[in-house]
Undergrad: 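Before I ask anything, here is the structure I am working with.
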Amino acid sequence: MSERVSERMSASIRLLPDTLISQIAAGEVVERPASVLKELLENALDAGTRSISVTLLEGGVKLIRVTDDGGGIVPDELPLALARHATSKIATLADLERVATLGFRGEALASIASVARVSVTSRPSSSTRAAMIRGEGGPSSNVEPAAHSFGTTVEVADLYFNTPARRKFLRAEATEYAHCMDVFQRIAISHSDVAMSLRHNQRVVAHYARADLITRVSAVLGEDFTRSARTVDESIAGLRLHGTAGDPGQSRANRDAQFFFVNGRFVRDKLLAHAVRQAYADLTHGDRHPAFVLFLEIDPAGVDVNVHPAKTEVRFRDSRAVHQFVAKALGKALAMTAAQAPAAVAAPVSARGDSLPNIERRPFTIVQGQLGVAQPTAAYTAMIAALRDAPSPAVAHAAAPALASAAPTLQTAAAQLDQPLGYALAQLHGVYILAQNDAGLVLVDMHAAHERILYEQLKANLVAHKTTGQSLLIPVTFTADPLDVAAAEEHHAALAEIGFEIAPASPTAIVVRTVPPLLAKGDVAALARALLAEVREYGIGAVLNQRQDEMLATMACHGAVRANRSLTLAEMNALLREMEATERAGSCNHGRPTWYQLSLADLDKLFLRGR
């Protein structure tokens with residue numbers, strides 16, 4: 001072994017041949033057929049194309065052909081197209097620091113030509129003739145006449161034909177094709193003004209006409225996504241974030257519908273990913289992932305795109321400012337109220353696993369207030385009967401006295417029909433509220449809805465420093481283990497700052513005398529146990545700072561109305577009005593939907609009416 005090491009150390013230093021240098025570079029740039037397709041598509045876009053046609057054979061391993069109608073390449077410059085470090089996009093370091101094109105290094109085609117059979121055929125718009133150059137495992141200088149319309153066609157055949165070891169690492173045809181399709185769709189989304197078509201194994205699999213962003217996104221990701229998505233468009237001090245963010249209720253099990261572009265370039269950036277997660281932090285359920293198509297526009301001098309061979313990673317000069325801007329801009333869009341955003345459509349699954357048709361959900365802003373406790377009246381009951389379609393004469397006659405004495409109430413309830421959630425009809429199994437609005441039937445999970453309302457109010461109170469406590473009429477005492485008792489004693493003053501008076505009652509018991517007013521009607525013992533568990537696990541400092549939202553979510557969950565609690569009609573309607581005025585009321589703190597709507601057409605379908 002020592003002899004071999006000695007031989008290696010004594011070997012002379014030598015320059016590598018150009019072909020080997022290109023093949024080493026290809027190992028970084030050309031990972032698989034999808035990498036080749038990405039480079040060719042970006043070159044076409046940089047050339048100002050308005051239409052791109054892609055042809056693949058065997059997942060792109062056998063052939064990748066990209067044809068565009070861009071500016072083209074003059075015959076004399078075709079040899080440079082396959083040369084290493086030759087480009088028309090930058091000339092100086094200043095150009096590199098402000099690069100605005102997708103490509104700029106001038107090594108992609110040379111790297112591809114070193115591991116495949118490549119031909120480039122092009123005709124500039126100013127020329128009457130076309131020319132072609134070929135490269136097979138290396139550069140070529142022979143330019144040939146060719147027939148071609150305006151633009152450029154690049155063909156890459158037999159990828160890794162001269163490096164069989166690399167070819168063995170390629171996956172099955174279906175896998176390589178899926179990666180190519182992923183790249184194609186990213187480019188299609190980011191450049192909706194470019195017509196694009198894709199053919200695989202002689203079959204057209206995608207064709208996108210030039211369109212606006214929403215139409216293109218709908219064509220790629222489906223109408224369900226665009227119907228439920230929120231529009232994002234915020235600008236500040238040289239930064240702009242725009243695009244569309246998926247409704248939290250439409251989150252997915254994977255990240256396959258997450259598209260983030262910086263100056264038109266698709267990126268996978270940890271800083272941006274964290275900002276998105278922060279915006280969706282208390283809106284998505286469990287390990288679900290949101291869907292979004294977002295574009296960040298920034299001065300090219302403020303971002304370095306030359307940090308990764310595949311150019312999918314970037315580095316921001318002021319990363320903190322970018323993070324805060326993205327998180328706040330996206331959070332603002334997700335918190336839009338019903339008056340600010342269009343209705344969103346979701347497609348939940350029923351208990352039987354069947355997809356319910358045309359279910360509508362709407363996003364909703366925060367106001368202070370608590371759940372009403374007024375009792376229903378005879379006038380209110382008669383009012384509901386009167387508002388139903390075509391009441392019988394007998395019912396109308398019987399309800400007349402009550403209606404006459406309750407005209408203002410009736411008018412108020414009639415106006416509620418125009419509200420997104422309408423007015424309450426009944427409670428189902430102590431869990432769901434059934435309500436009626438202009439569109440049809442609304443189903444509300446009362447615990448999930450009240451949990452979101454409390455959470456947003458608690459956050460607002462904490463920001464406004466209004467976290468005062470309300471003394472309980474009868475203090476709540478419960479048994480606890482010694483560690484909880486010790487935590488209550490140690491952090492008594494800190495807990496008082498957020499409205500809790502929790503103290504040891506004995507070595508094995510705790511007494512709660514004061515809680516925030518919004519939580520006074522909840523399960524006080526369960527709330528205190530959960531809060532002390534957070535304090536024990538993370539420390540009081542982390543709970544009040546880094547884990548503040550988690551603490552408030554825990555408080556809201558234990559303070560919300562529980563299942564099997566009977567609500568009056570007045571209480572139900574008060575809850576509906578609070579939902580309509582609360583940000584992000586379409587989902588609870590854990591990401592579960594809070595309400596769905598069945599239209600009259602949906603109900604007619606369920607009962608086969610009109611057939």
Undergrad: With the threshold set at 4.0 Å, does a side-chain nitrogen-carboxylate oxygen contact exist between Arg317 and Asp304?
TA: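 No, no charged N to carboxylate O under 4.0 Å.
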Undergrad: Can you tell whether the side chains of Asp233 and Arg240 come within less than 4.0 Å, N to carboxylate O?
TA: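 Salt bridge flag = yes for Arg240 with Asp233.
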Undergrad: Are more than 12 heavy atoms from other residues, nucleotides or ligands located less than 6.0 Å from atom CD of Glu223?
TA: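 No, CD of Glu223 has 12 or fewer neighbouring heavy atoms, counting only those of other groups under 6.0 Å.
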Undergrad: Does CZ belonging to Phe478 count more than 12 external heavy atoms closer than 6.0 Å?
TA: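 Above 12, so yes.
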Undergrad: Answer yes or no: is there a side-chain heavy-atom contact under 4.5 Å between Gln457 and Leu454?
TA: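 The answer is yes, as the side chains (C-beta and beyond) meet within the 4.5 Å cut-off.
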Undergrad: Drop me the distance from Lys459's NZ to Leu552's CG, to the nearest 0.5 angstrom.
TA: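 Going from NZ on Lys459 over to CG on Leu552, the span is 8.0 Å.
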Undergrad: In terms of ring plane angle, is the pair His242 and Phe295 parallel, tilted or perpendicular, where the classes change at 30° and 60°?
TA: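 It falls in the parallel class, under 30°.
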Undergrad: Going through the checks in order, is the side-chain contact (heavy atoms from CB on, under 4.5 Å) test met by Val232 and Phe292?
TA: CA-CA 10 Å; Val232 182; Phe292 54 82; over 6 Å; no
Undergrad: Should Asp445 and Tyr432 count as side-chain neighbours, where that means a heavy-atom distance under 4.5 Å?
TA: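 A side-chain contact under 4.5 Å exists here.
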Undergrad: Checking the side chain of Arg584 only, and the main-chain atoms of Arg452 only, is there a donor and an acceptor separated by less than 3.5 Å?
TA: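 Not at all, since once roles are kept as given, no pair shorter than 3.5 Å links the two residues.
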Undergrad: Answer yes or no: does atom CD of Glu297 have more than 12 heavy-atom neighbours from other residues, nucleotides or ligands under 6.0 Å?
TA: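 Enclosed.
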Undergrad: Measuring only between side-chain heavy atoms, which start at C-beta, is Leu241 closer than 4.5 Å to Phe260?
TA: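 The answer is yes; the side chains approach within 4.5 Å.
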